[in-house]
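No hydrogens, no waters, no symmetry mates; every other heavy atom, side chains included, goes into these values. Below, chains carry the letters A, B, ... as their sequence lines are ordered, and counting in each starts from 1.
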Amino acid sequence: MKYSYKEIEAKWRKRWKEWKLYDTPQTPEKKFYQLEMFPYLSGDIHIGHFRNYVIGDFVWRYKKMHGYDLLHPFGYDAFGIPAEEAAIKRGASPRKWTDENLATGTQTLKALGISYDWSREVRTCDPDYYKWTQWLFIKLFGKGLAYRDTSLVNWCPSCNTVLANEQVIGGKCWRCEAVVEKRELEQWFFKITSYAQRLLRNLDRLKDWPEPVKIMQRNWIGRSEGAELVFELKDNPDVKLPIFTTRPDTVYGVTFMAIAPEHKLVSKLLEQMPNKEEVIAYRDAALAKSEIERMAEDREKDGVDTGLRVRNPFNNEDVQLWVADYVLASYGTGMVMAVPAHDQRDFEFAKRYGIPIKIVIQPPDRELKLEEMEAAYVDPGVMVNSGPFDGISSVEGIRKVAEYAADKDFGKPAVSYRLRDWLISRQRYWGAPIPMIHCPKCGMVPVPDEELPVLLPDESKVDFVPKGRSPLESVREFMSVRCPKCGADAKRDADTMDTFVDSAWYHLRYVDPHNEKVIFSKSEAEKWLPIDLYIGGAEHATGHLLYFRFMTMFLYDLGICPVEEPAARLFNHGMVLDEQGDVMSKSKGNAISPRELIDRIGVDAARVAMLFFAPPGHEVLWSEKGIKGSTRFLERIYAEAMTAAQIEAKDYDPAQLEGDELAIYRAIHKTIKQVTDDCNEMGYNTAIARMMEFVSLYANSETKTSAVARDAMEKLTKLIAPFAPFLAEELWEAFGNKDSVFNSQWPNYDKGAVVEEAVTIVVQVNGKLRGKLEVSKDAPKDEVIAAAREIEVVKGYLTTKPKKTIYVPGRLVNFVV
RNA sequence: GCCGGGAUGGUGAAAUUGGCAGACACAAGGGACUUAAAAUCCCUCGGAGGAAACUCCGUGCCGGUUCGAGUCCGGCUCCCGGCACCA
């Protein structure tokens with residue numbers, strides 16, 4: 001009998017559709033929300049997507065056979081720059097280009113038979129969807145969490161748009177890898193920092209998230225505890241210089257202050273600076289440098305003295321105020337108190353410019369001497385030269401100094417985060433327009449809810465070529481609008497939103513994707529949330545996965561979303577690489593197209609190969625040769641199962657079985673146990689190995705004509721179903737079943753059949769293997785040891801009485817001589 | 001520099017958490033079938049020695065704990081990711 005995957009796959013694709021197998025139940029009793037990260041397509045889906053969706057599809061099928069009611073939706077992240085780039089390069093329309101890609105992708109996914117409920121599909125570029133993205137913006141604005149501010153922002157000179165902090169990877173643009181510049185621009189931000197503490201704290205509750213992702217998020221949020229201390233300008237005490245430090249205990253060691261060159265105060269104080277000219281020159285030079293240049297590791301720190309003096313409120317000492325670009329404008333207050341003795345950066349700076357160094361912490365075990373210091377002493381110790389704090393441990397001092405400052409009204413304990421607010425406006429066309437109106441009288445006014453969505457103007461009217469300002473700005477009929485408040489002539493906001501805003505809430509829309517009245521109904525959300533298993537690549541750890549937690553939390557606070565955290569469990573699958581271990585990509589020409597695989601080897605063989613090559617969390621080296629093994633395996637199953645299906649089904653008594661029949665019976669039950677255990681742990685590669693072993697054993701047994709054999713192969717059909725669904729349905733039908741195999745129950749195993757009655761005991765002498773012993777599973781200890789002693793090889797070593805005999809029941813005997 | 005993860009045959013990987021290292025595959029070699037090839041089936045397959053029985057060595061390196069270590073502890077090396085002047 002020939003296994004013809006093409007016919008079988010076509011047949012079951014059609015049947016599943018007729019059966020509406022993937023429809024989402026309306027009233028789930030045992031709910032499971034399975035979600036894979038939706039894709040951004042700039043062509044067909046690729047092999048990496050295929051892996052992600054096969055894992056998700058496996059979970060759907062496996063859970064389905066365990067009686068779960070599943071939500072398994074799909075959609076597309078469809079706004080974004082590549083669509084515009086295609087438009088510019090080929091004159092295609094961004095929407096048409098996008099639609100074509102999505103049509104291709106959808107066709108492939110349907111051919112693959114992935115278990116998506118397509119009736120719930122969402123596309124972020126559809127007005128029905130981005131209407132709610134805009135609505136969300138307005139809600140955030142209403143709560144003061146969307147704000148506009150002028151600041152130094154990341155600018156990609158190649159994409160001609162600003163970028164969020166999370167989109168700058170090592171100083172380069174995440175998309176095009178151009179070196180990112182800094183520009184002072186007025187932009188829209190989401191105040192994700194006001195959720196920093198919750199985003200951090202909740203990580204402890206996410207028990208089923210991978211630890212590395214949580215660690216990355218913790219580091220990204222970067223909470224530091226310390227104090228804010230307020231210094232004053234010596235000649236003008238009204239000018240306050242607040243700083244953040246994690247080491248208030250070192251405040252008596254301050255010998256200078258440093259401020260970031262781009263800090264607003266630098267320009268403000270310029271007129272008062274004795275060294276005004278040098279400061280201007282230094283500032284302008286610093287601003288001209290790229291982030292990469294400024295942060296180069298081997299670069300010597302430099303700066304310029306302003307000539308101004310700053311008073312330390314603790315000891316009333318006056319120190320120099322320097323402008324130095326090792327100080328970050330965007331962290332803390334943009335200025336630092338410099339303690340060269342106890343901070344390595346300050347130490348290097350002070351050494352270079354001959355600024356005094358003052359020791360205020362002494363190590364517990366030795367005495368620091370100024371002339372011997374080659375690096376800052378940063379560890380804890382005892383406070384010295386610190387006025388009332390002398391003799392206190394530095395650890396205690398951190399708290400005491402902060403409290404003292406609070407008491408005297410020149411500081412307070414403070415917490416600072418590394419996380420920056422999320423810059424979400426983009427100077428590009430293909431995104432959701434920011435639903436705000438700039439009125440000369442009323443200022444910024446949100447578009448009223450009933451006027452949403454603010455539609456993207458027709459692309460025929462837009463010149464997409466990026467010029468550093470939003471293309472929408474030149475579309476007059478889009479821009480000019482009446483103020484909803486006062487009716488005056490006003491202008492729309494011309495920017496569009498970062499696509500990460502679109503993808504920060506799509507998981508919520510899936511629960512109620514066609515609702516026209518609200519973003520999603522609470523009752524639907526309560527049915528399905530949270531996501532039970534979210535599968536995607538680890539590269540989203542500090543981008544999407546942070547944003548989607550933030551947005552879920554925000555909607556929870558609004559009382560719309562029933563859960564504070566979006567996903568109960570997160571799973572990161574590994575990448576798919578070619579046989580040499582290189583990343584597959586179109587440009588390298590080493591990419592494998594899923595569509596081509598469907599054609600050449602069939603969906604089932606491709607799935608089994610993908611799941612067999614490596615555990616899902618590992619990277620996979622896609623092996624064209626390795627595919628053979630899975631094809632052979634499926635052909636063998638097909639041949640054996642089709643033959644077994646001809647046997648008449650009959651009840652049998654397992655207790656009466658013997659010989660080959662008993663062997664098959666025991667083997668299939670053992671296989672059920674192992675495959676089930678492996679699948680529960682996502683050990684798909686070993687689950688397949690266990691089934692391969694069973695098939696070998698089965699194929700080699702003499703009697704394959706009994707009801708036992710038939711029953712075993714029918715059970716194997718269920719085991720293989722989540723791996724090779726098309727094949728399984730075909731076999732399931734051959735066994736005389738009328739309904740889908742996925743509506744059948746996952747098999748249970750006979751516990752009695754799984755226990756081996758004979759076990760192999762390993763016999764060791766001094767921990768080295770010297771022999772083996774077959775004994776009954778409940779042979780008494782003495783008997784086993786006696787038998788072990790009788791093994792010829794072992795005898796040779798036991799010339800004297802063993803010092804000690806280790807006995808592990810069912811495992812081993814170890815004689816120590 | 002800091003924080004993660006990893007290193008097991010020619011290759012992808014297994015190893016019930018301290019108990020037979022290399023399951024299951026791929027590749028390779030040999031054989032059967034065939035006019036021939038493909039497909040299929042069978043055998044060998046970590047290294048060294050040995051006709052064989054069997055022995056020695058072997059999970060990145062060095063040391064330790066233990067009757068027994070791929071697994072635990074201490075110290076390294078290399079690879080891969082993340083962060084990177086965060087005061």
*Is the closest side-chain heavy-atom distance between V695(A) and L716(A) below 4.5 Å?*
yes
_Side chain to side chain, K804(A) and F815(A), heavy atoms closer than 4.5 Å_ = no
Any protein N or O atoms within reach of nucleotides 54-57 of chain B? Criterion: under 3.5 Å, listing atom names and distances.
| from | atom 1 | to | atom 2 | distance (Å) |
| --- | --- | --- | --- | --- |
| rU55(B) | OP1 | R770(A) | NH1 | 3.0 |
| rC56(B) | OP1 | R770(A) | NH2 | 3.3 |
| rC56(B) | OP2 | R770(A) | NH1 | 3.2 |
| rC57(B) | OP2 | K768(A) | NZ | 3.1 |

*Position toward the 5' end of RNA chain B (nearest nucleotide), N165(A) or N685(A)*: N685(A)
*asked:* Quick check on RNA chain B: between M216(A) and T245(A), whose nearest nucleotide comes earlier from the 5' end?
replied: M216(A)
*Since syn is defined as within 90° of 0, does rU17(B) count as syn or as anti?*
syn
*Syn or anti for rA51(B), taking syn as within 90° of 0?*
syn
Is [N] paired to anything, Watson-Crick or G-U wobble with both distances less than 3.5 Å, and if yes, which nucleotide?
N       : answer
rG1(B)  : rC83(B)
rG49(B) : rC54(B)
rC67(B) : rG19(B)

*May I ask you to decide if the ring planes of W322(A) and Y353(A) are parallel, tilted or perpendicular, using 30° and 60° as cut-offs?*
tilted
[options]: which one has an atom nearest the side-chain heavy atoms of [X]?
X       : options                   : answer
K804(A) : rA87(B), rC24(B), rC67(B) : rC67(B)
T760(A) : rC20(B), rA14(B), rC67(B) : rC20(B)
I169(A) : rC83(B), rA87(B), rC24(B) : rC83(B)
R811(A) : rG19(B), rA87(B), rA13(B) : rG19(B)
T686(A) : rA14(B), rA87(B), rA27(B) : rA14(B)
W220(A) : rA23(B), rC83(B), rA13(B) : rC83(B)
V327(A) : rA87(B), rA23(B), rC26(B) : rA87(B)
S696(A) : rA25(B), rG68(B), rA87(B) : rA25(B)

SB check [X] [Y] (cutoff 4.0 Å):
X       : Y       : answer
E225(A) : R223(A) : yes
R632(A) : E635(A) : no
K240(A) : E232(A) : yes
E166(A) : R420(A) : no
R218(A) : D204(A) : yes
E792(A) : R770(A) : no
R600(A) : E624(A) : yes
K172(A) : E177(A) : no
E790(A) : K795(A) : yes

Given atom [atom1] of [X] and atom [atom2] of [N], what is their separation to the nearest angstrom?
X       : N       : atom1 : atom2 : answer
R690(A) : rA14(B) : CZ    : C1'   : 7 Å
I259(A) : rA87(B) : CD1   : P     : 18 Å
F612(A) : rA14(B) : CZ    : P     : 10 Å
E624(A) : rA27(B) : CD    : C1'   : 15 Å
L812(A) : rA21(B) : CG    : C1'   : 15 Å
M610(A) : rC24(B) : CE    : C1'   : 19 Å

*Does the pair Y252(A) and E317(A) meet the rule for a side chain to side chain donor-acceptor pair (under 3.5 Å), with working shown?*
CA-CA 9 Å; Y252(A) 286 84; E317(A) 274 176 23; over 6 Å; no
For [N] versus [M], give the span between their [atom1] atoms, rounded off to a whole number of Å.
N       : M       : atom1 : result
rG30(B) : rA39(B) : P     : 16 Å
rG22(B) : rG82(B) : P     : 37 Å
rG70(B) : rC76(B) : P     : 23 Å

*Side-chain N or O of T805(A) less than 4.0 angstrom from OP1 or OP2 on rC67(B)?*
no
*When you check the phosphate oxygens OP1 and OP2 of rC20(B), does a side-chain N or O of K772(A) lie under 4.0 Å from one of them?*
no
_Quiz question: by atom type and distance under 3.5 Å, do the side chains of D346(A) and Y326(A) form a donor-acceptor pair?_
yes
Identify the pairs formed between an N or O of the protein and an N or O of nucleotides 2-10 of chain B at a distance under 3.5 Å, and give each distance.
none

Using a 4.0 Å heavy-atom cut-off, does [X] contact any base of the nucleic acid, only the sugar-phosphate backbone, or nothing at all?
X       : result
Q764(A) : base
F633(A) : nothing
F613(A) : sugar-phosphate

_For rC85(B), does the base pair up with any side-chain atom of K301(A) as donor and acceptor (N or O, under 3.5 Å, distance only)?_
yes
*So, for F231(A) and F410(A), is the gap between ring centers shorter than 6.0 Å?*
no
_To the closest 0.5 Å, what do you measure between OG1 (T805(A)) and CD (Q764(A))?_
12.0 Å
Could you pull out the protein-nucleic contacts involving nucleotides 39-44 of chain B (nitrogen or oxygen on both sides, under 3.5 Å)?
| from | atom 1 | to | atom 2 | distance (Å) |
| --- | --- | --- | --- | --- |
| rU40(B) | OP2 | R632(A) | NH1 | 3.3 |

*Dump the intermediate steps for side chain to side chain donor-acceptor pair (under 3.5 Å) on Q217(A) and R549(A), then the final yes or no.*
CA-CA 11 Å; Q217(A) 291 208 350; R549(A) 290 184 59 218; 2.7 Å; yes
When you compare the protein's N or O atoms with those of nucleotides 78-80 of chain B, which come within less than 3.5 Å of each other, and at what distance?
none

Filtered N/O pairs between nucleotides 47-51 of chain B and protein, under 3.5 Å:
none

*Considering residues at least two apart in sequence or located in another chain, which fulfil the side chain to side chain donor-acceptor pair (under 3.5 Å) criterion with H669(A)?*
none
